[in-house]
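Comments concern the structure below.
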Amino acid sequence: MTMTENSRITTPFTATSTAAEVVDGIDLTGRRVVVTGGASGIGIETARALAGAGAEVTLAVRDLDAGERTANDIVATTGNKQILVAPLDLANQASVAAFTSAWDGPLHVLVNNAGVMASPEAHTPEGWELQFATNHLGHFALATGLHRALAAAGGARVVSVSSSAHLRSPIVFEDIHFRERAYEPWSAYGQSKTANVLFAVEATKRWESDGITVNALMPGGIRTNLQRHVSQEDLDRAVAAAGGASGITWKTPEQGAATSVLVATSPLLEGVGGRYFEDCEEAGPNRPGSRNGVAAYALDPEAAARLWQVSVETLTR
Ligand SMILES: NC(=O)c1ccc[n+]([C@@H]2O[C@H](COP(=O)([O-])OP(=O)(O)OC[C@H]3O[C@@H](n4cnc5c(N)ncnc54)[C@H](OP(=O)(O)O)[C@@H]3O)[C@@H](O)[C@H]2O)c1
């Protein structure tokens, strides 16, 4: 299903709804979930809400101590003992391959949540720009590596956590890894977050017949470790650009996790894929000058198919 064929999806939830409210009344007993970056920020609250609904949740993390602390906390707060921790470094393809080959049995929900934002210029040993490598290529390899497990679940969902920052850049296919152009941390972040949306478009097209749907989302603005590379000056500038202190409303991590959990579980999204959500409903098209909505280039099926091809070639080179 595409946005043009169907009306925009609305729900009873809003920007201030919490993850727990969104999943209230939904029983995930017997469902298996993976949350990448599940030991920090909105990943913790995404995992907690899904665990609270009865799912087995694997926190896929690169900091195993933080993972264990989070797992213990989720067990204590939900009473659900099926919280697992597994190592995953998305910027390291050997680590992604180890995760996917160790996975056994069906996977009902994959939440591609981990991310790095506006980091200083860095490249992986393969020469891939770090934000694209982590936010897109790592998750691309993870999801494709888990494809069989997702297909085996029957009706699996993949949640691709993007950002309104996708409005900052389309995919610059001519120079994805900033080899020719000067590095700009926000363009690199924006490009990687556009990739997260395009992945939802093409993966749904390819995998719908396996019962797998993929949607992307903007969680909102939440103060987390994500801002570690952003100076106070840059944050102030972003707030000013949004219309001053009154123009930006920070969400709590519980509110920030709500749209991920909605996309992962809501019956209103049954069979729906390739779309972009924010504030617990499907976003409309971005209007110039606005920081909401989705860019046309992020839903472009041709760009989505091209990115898929480029990603496969990059990973198999
Ligand atoms: N917070 C916001 O305002 C906001 C707005 C729009 C979109 N988002 C998106 O929401 C998602 C979650 O962000 P957050 O705010 O919760 O940030 P966060 O607290 O920094 O969490 C991000 C997680 O990603 C993990 N991560 C980073 N690089 C990784 C790698 N190479 N391999 C595995 N894990 C890695 C981090 O692990 P470590 O702890 O080990 O570094 C951390 O657990 C991100 O995709 C972000 O782009 C957030």
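Ligands are counted one by one from 1 in listed order, and the atoms in each one are counted from 1 as well.
Ionic pairing of R157 and E270 is present here: one or more N-O contacts between side-chain nitrogen and carboxylate oxygen are shorter than 4.0 angstrom. Salt-bridge formation is detected for the pair E282/R275: a Lys NZ or Arg NE/NH1/NH2 atom is positioned less than 4.0 Å from an Asp or Glu carboxylate oxygen. With respect to the salt-bridge test (charged N to carboxylate O, under 4.0 angstrom), the residues E202 and R206 qualify. Between D279 and K251 there is a salt bridge, since a side-chain N of the basic residue sits under 4.0 Å from a carboxylate O of the acidic one.
Atom 8 (N) of ligand 1 has its closest protein heavy atom at P219 CG, 3.5 Å. The nearest protein atom to atom 19 (O) of ligand 1, hydrogens excluded, is given as S40 OG, 2.6 Å; this is a heavy-atom distance. Here the protein heavy atom with the shortest distance to atom 31 (N) of ligand 1 is D89 OD1, 2.9 Å.
With atom 14 (P) of ligand 1 as the reference point, the heavy atom nearest to it among I222, T224, N196 is part of T224. For atom 27 (C) of ligand 1, the candidate residues are S163, A114, G115; the nearest heavy-atom contact is made by G115. Comparing heavy-atom distances from atom 11 (C) of ligand 1 across N113, L59, V35, N92 singles out N113 as nearest.
The cationic atom of R168 (NZ for Lys, CZ for Arg) does not lie both less than 6.0 Å from the six-membered ring centre of Y189 and within 45° of the ring axis.
Geometrically, ligand 1 and I42 share a nitrogen or oxygen pair separated by less than 3.5 Å. For ligand 1, the polar-atom distance check against L90 finds a nitrogen or oxygen pair separated by under 3.5 Å. Taking any N or O of L226, backbone or side chain, at least one lies under 3.5 Å from an N or O belonging to ligand 1. Looking at W250 next to ligand 1, no N or O pair under 3.5 Å apart turns up.
Only the side chain of R228 comes within 4.0 Å of ligand 1, counting heavy atoms alone; its backbone N, CA, C and O stay farther away. Of all the heavy atoms of M218, the ones lying under 4.0 Å from any atom of ligand 1 belong exclusively to the side chain.
Side chains of L88 and V96 form a contact here, defined as non-hydrogen atoms less than 4.5 Å apart.
Between Y183 and F178, the ring-plane angle classifies as perpendicular under the 30° and 60° cut-offs.
Environment of CZ in R31: sparse, with no more than 12 heavy atoms of neighbouring residues, nucleotides or ligands closer than 6.0 Å.
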